[in-house]
Structures are given as C-alpha cells and as structure tokens.
Amino acid sequence: MLHMVSTQPQLRVAVAGASGYAGGEFLRLAAGHPHLEVGTVTAHSNAGSRLGELQPHLRSLAGRVLAPTTPEALAGHDVVVLGLPHGASGEVAAQLPDDVLVLDLGADHRLASAADWESFYGSPHAGTWPYGLPELIHADGAGAVTGHQRDHLAGARRVAVPGCNVTAVTLALQPGVAAGLVRPADVVAVLANGYSGAGKALKPHLLAAEGLGSAAPYAVGGTHRHIPEITQNLRSAGADDVSISFTPTLVPMSRGILATVTARLAPGHEDATADDVRAVWHDAYAGEPFVDLLPAGQWPSTAATLGANTALVQVTLDRAAGRVVAVVAIDNLVKGTAGQAVQAMNLALGLPETAGLVTEGVAP
C-alpha cells in the first residue's frame with residue numbers, strides 16, 4: 001500500500017484514540033501537514049460523538065464522527081496512529097497489514113527487554129519496534145559516535161514513539177554519555193511536568209481544584225515506567241552501566257516538561273571546564289533541526305516551546321559538586337509525543353524530516 005515518496009504525495013492517515021490528548025495533538029499537526037490527508041478517526045467510549053465535541057480546537061475536523069476502534073475502521077490508510085492506553089496497541093497493530101506505517105504513541109513497543117516491560121507494566125510484552133527518537137545517539141562506549149537513530153527509520157513500517165519524559169532526559173544527557181564526559185552510573189533527573197502528560201482520565205488528583213497552586217511528585221523511588229526506557233537510550237549512547245534517580249513532579253501548567261539532569265564528571269575529566277562541557281553539547285546537536293543549544297547563560301523555559309517541536313537545551317558545570325547540569329524544555333505533546341511521531345513518520349516515508357513541523361513557539 002505504501003510507496004516511497006518521490007514528489008508531493010497525499011497520504012491518508014487514520015488516528016485511533018482521537019479523543020485523547022496525544023491523538024488530538026497528532027490531528028492538529030496532521031491538519032497542517034503538506035502530505036497528509038486525515039481519514040478515519042476512532043475512539044472507544046467516545047465512539048459515535050463528533051470530534052468537535054471533544055477536541056473543539058480542531059475546527060477543520062470538527063464534523064468528523066468518531067468510529068469504534070476496529071481493524072476494519074483503520075483499513076485502507078497509508079499511516080495509522082495509535083493513541084491508545086498502554087497495553088492496548090499490540091493487539092490492534094497485529095491486525096494491520098505489514099505495508100501500513102503504524103506509529104504507536106503508547107509504550108507497548110518501546111522496550112527491547114521483555115523482562116523490563118513485564119516488571120514495570122505487568123503484562124506480556126508485545127514486541128519491539130524501531131524506536132522513533134531520530135536524535136538518539138549511537139556510540140561505541142569509547143567516545144566515538146557511530147550514528148543516530150534516524151538512520152534506522154527510513155522505510156520502517158512500525159515505529160515506537162518515545163515517552164515524553166524519556167525524550168527530555170535523553171536529549172539532556174546523551175552528548176556527555178556518548179563523549180565519555182560524564183558517569184552514567186550516577187544520574188539524577190528531576191522534572192516539572194504539565195498535567196496533559198497524565199492524560200484525560202477523570203482522577204481526583206488531576207482536577208483543577210487539586211492541581212492549581214500545587215506541585216506534587218509522583219512515581220517516586222524508582223517506580224516510574226519511563227526509567228527502563230531512559231536506561232535503554234543511555235546505553236545506546238555508549239553507557240555500560242546506568243543508574244538513575246528519576247523524580248517527576250506535576251506543576252500547574254497544561255503543557256510542558258522542564259528536565260534538570262545532573263551527572264558526575266567521568267574519571268579523567270575532572271579538570272574539564274564549563275566551556276569544555278558546552279563544546280561537547282554544541283558538537284552533538286550542531287545541525288539538528290529540532291534541538292537547540294541556547295546561548296551561554298540563557299536557560300530553557302517550557303513557555304518558549306509551547307506548540308513547537310523544539311527541544312531547548314542548556315548545560316553548565318557545577319564545579320563545586322563536580323557535576324554537569326543539563327536542562328531541557330519541551331512541549332510534552334509535540335516534541336514529547338505527536339510532533340516526534342510526525343518527525344519519525346517523515347523519515348520512514350522519505351519525506352523531509354521537518355515537514356509539517358514548526359520550531360516557533362507561542363508567546364506569551
């Protein structure tokens with residue numbers, strides 16, 4: 001069904017889970033993508049409703065009626081996006097043709113280790129798909145970069161879109177890991193997270209009355225499901241031994257992640273300067289269309305990434321502590337989810353990687 005791109009094709013895309021935040025964000029981006037035509041949109045409990053009742057900001061698609069999520073409804077499309085709860089994508093994907101590009105926004109196919117999946121998610125592993133973080137560094141563990149994950153996405157017909165927190169932490173630290181500059185066996189990551197990352201489920205702790213004016217940690221003490229995925233990525237970047245203390249915190253904003261990640265300088269690099277550290281990050285991200293190392297002294301903010309597929313990065317050295325400090329801001333629904341899916345989709349189909357994506361945020 002799919003054909004490699006040569007000119008200006010229009011590819012039909014179906015979105016399962018279109019009533020959720022991730023599915024809705026993909027539709028927002030798809031509506032402005034020069035090569036996509038939105039086909040069927042589906043949901044589970046919201047099937048039969050008009051999309052505009054649940055996603056009123058999607059004006060060009062407001063009249064679409066949500067179909068039930070079935071293989072029949074998803075048939076006949078070039079691309080299928082699965083914005084389903086964790087554990088639900090595998091069964092649906094198994095019933096789709098091999099020549100259809102399937103993008104899984106959930107976690108089902110991200111992990112290479114079945115044991116890690118079963119330990120953190122408590123269900124059988126659905127299998128491993130090509131990983132959709134194009135900027136992920138592949139390194140040999142001796143300080144040499146051997147490639148990037150985008151090299152493995154061309155022609156893919158199944159793509160596992162990374163977790164939002166994972167994206168932020170990986171982009172924050174991987175240059176130092178790949179260069180052998182930091183010790184991945186002593187990583188500390190603390191994140192401020194917008195509430196949309198928790199999904200649309202009506203839970204008391206996610207209500208505005210509970211969240212406004214409050215900051216609250218969750219999944220503390222090594223229990224967050226993104227930990228094995230972060231570890232997997234840092235190993236890709238050359239780490240042989242990874243230990244991470246990872247603590248996310250819900251803060252009263254709808255979108256965004258601000259990740260502050262620190263790691264000790266590796267043996268042999270104790271005399272590194274802040275300029276030395278910055279040079280490593282600069283070299284790692286030079287030429288990346290969606291990852292920007294900010295000018296020295298300017299720190300990322302989530303507001304500056306709102307609506308954009310941009311990761312804003314800053315790094316420095318805490319000399320007294322002997323730790324590198326890297327800070328990354330992303331929009332969790334764009335670079336953290338749907339925008340990253342579009343980026344990976346573009347690479348898989350032979351389209352320009354930047355097609356349908358913007359780097360300009362919305363301010364104020």
Side-chain angles (χ1 to χ4, degrees), residues 11 13 15 20-36 38 55 57-58 79 81 83 101 103-106 110 130-137 148-150 153-154 156 159-172 174-175 191 193-194 196-197 233 253-259 281 284-294 300-314 327-363:
L11 301 165
V13 58
V15 177
Y21 287 136
E25 189 69 1
F26 188 93
L27 286 170
R28 182 181 74 86
L29 298 174
H33 195 291
H35 305 301
L36 290 185
V38 176
Q55 307 281 19
H57 61 298
L58 301 177
V79 181
V81 177
L101 173 58
L103 304 166
D104 186 4
L105 305 184
R110 297 171 184 164
Y131 191 67
L133 178 54
E135 300 90 353
L136 178 64
I137 295 171
H148 290 79
Q149 185 60 22
R150 62 168 51 86
L153 291 174
V159 175
V161 179
C164 54
N165 294 313
V166 179
T167 297
V169 174
T170 300
L171 294 177
Q174 66 169 355
L191 288 74
N193 304 72
S196 60
N233 288 358
M253 60 185 182
S254 60
R255 289 175 180 247
I257 294 174
L258 187 71
W281 267 252
Y285 291 134
E288 285 290 351
F290 297 114
V291 183
D292 288 340
L293 179 66
L294 295 175
S301 70
T302 57
T305 66
L306 186 65
N309 196 53
T310 309
L312 298 181
V313 183
Q314 188 56 279
V327 179
V328 167
I330 63 172
D331 183 322
N332 59 293
L333 292 178
V334 188
K335 184 55 179 163
T337 308
Q340 190 136 260
V342 171
Q343 191 180 343
M345 177 199 73
N346 289 340
L347 289 165
L349 297 176
L351 295 165
E353 185 174 345
T354 58
L357 297 168
V358 300
T359 56
E360 289 79 12
V362 178

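As a basis for the values below, the full set of heavy atoms in this structure was taken, side chains included, without hydrogen atoms, waters or symmetry mates.
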What I'd like to find out is whether the side chain of [X] reaches to under 4.5 Å of the side chain of [Y], using heavy atoms alone.
X	Y	answer
Val327	Val313	no
Glu353	Leu153	no
Leu191	Val169	yes
Pro300	Leu294	yes
Leu312	Thr310	yes
Val161	Tyr131	no
Leu357	Gln343	yes
Phe26	Val13	yes

Exercise for the section: Determine, stepwise, if the pair Leu101 / Leu103 fulfils side chain to side chain contact (heavy atoms under 4.5 Å, CB included). Expected result: CA-CA 7 Å; Leu101 173 58; Leu103 304 166; 4.2 Å; yes
Let me confirm one number: the [atom1]-[atom2] distance from [X] to [Y], rounded to the nearest 0.5 Å.
X	Y	atom1	atom2	answer
Leu11	Met345	CG	CE	7.5 Å
Leu333	Asn309	CG	CG	11.5 Å
Ser301	Leu306	OG	CG	10.0 Å
Leu36	Asn346	CG	CG	7.5 Å
Tyr285	Gln174	OH	CD	4.0 Å

### Task
Just jot down the ring-ring contact (aromatic ring centres under 6.0 Å, His included) partners of His148, sequence neighbours excluded, or say none.
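Partners of His148 under the ring-ring contact (aromatic ring centres under 6.0 Å, His included) test: none.
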May I have the step-by-step check of side chain to side chain contact (heavy atoms under 4.5 Å, CB included) for Asn193 and Asn165, ending in yes or no? CA-CA 8 Å; Asn193 304 72; Asn165 294 313; 2.6 Å; yes
- prompt: Is there a donor-acceptor contact under 3.5 Å from the side chain of Asp104 to the main chain of Gly106?
  reply: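 Confirmed, Asp104 side chain pairs with Gly106 backbone.
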*asked:* When you measure from the side chain of Thr302 to the backbone of Ile257, do you find a donor-acceptor pair of N or O atoms at a distance under 3.5 Å?
replied: no
Query raised in the report: Do any pairs count as a salt bridge (Lys or Arg N to Asp or Glu O under 4.0 Å) and have a residue in residues 303-313, sequence neighbours left out, and if so which ones?
Result: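 Salt bridge (Lys or Arg N to Asp or Glu O under 4.0 Å) check on residues 303-313 returns no pairs.
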Shortest non-hydrogen separation from [X] to [Y] and the atoms involved:
X	Y	answer
Ala329	Leu258	CB-CD1, 3.9 Å
Pro175	Ala284	CB-CB, 3.6 Å
Ala259	Ala168	CB-CB, 3.8 Å
Thr359	Pro289	CG2-O, 3.6 Å
Ala341	Leu105	CB-CD2, 3.6 Å
Gln340	Pro134	OE1-CD, 4.4 Å

**Asked** Testing Leu136, Leu133, Asn233 for side chain to side chain contact (heavy atoms under 4.5 Å, CB included) with Val166, which one passes?
**Response**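 The passing option is Asn233.
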Would you say the side chains of Ser196 and Asn332 form a donor-acceptor pair under 3.5 Å? yes
Problem - Of Lys335, Gln149, Arg150, the residue whose pairing with Glu135 passes side chain to side chain donor-acceptor pair (under 3.5 Å) - result: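 Filter result, single survivor: Lys335.
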For Arg255, the salt bridge (Lys or Arg N to Asp or Glu O under 4.0 Å) test, sequence neighbours excluded, returns Glu25, Asp331
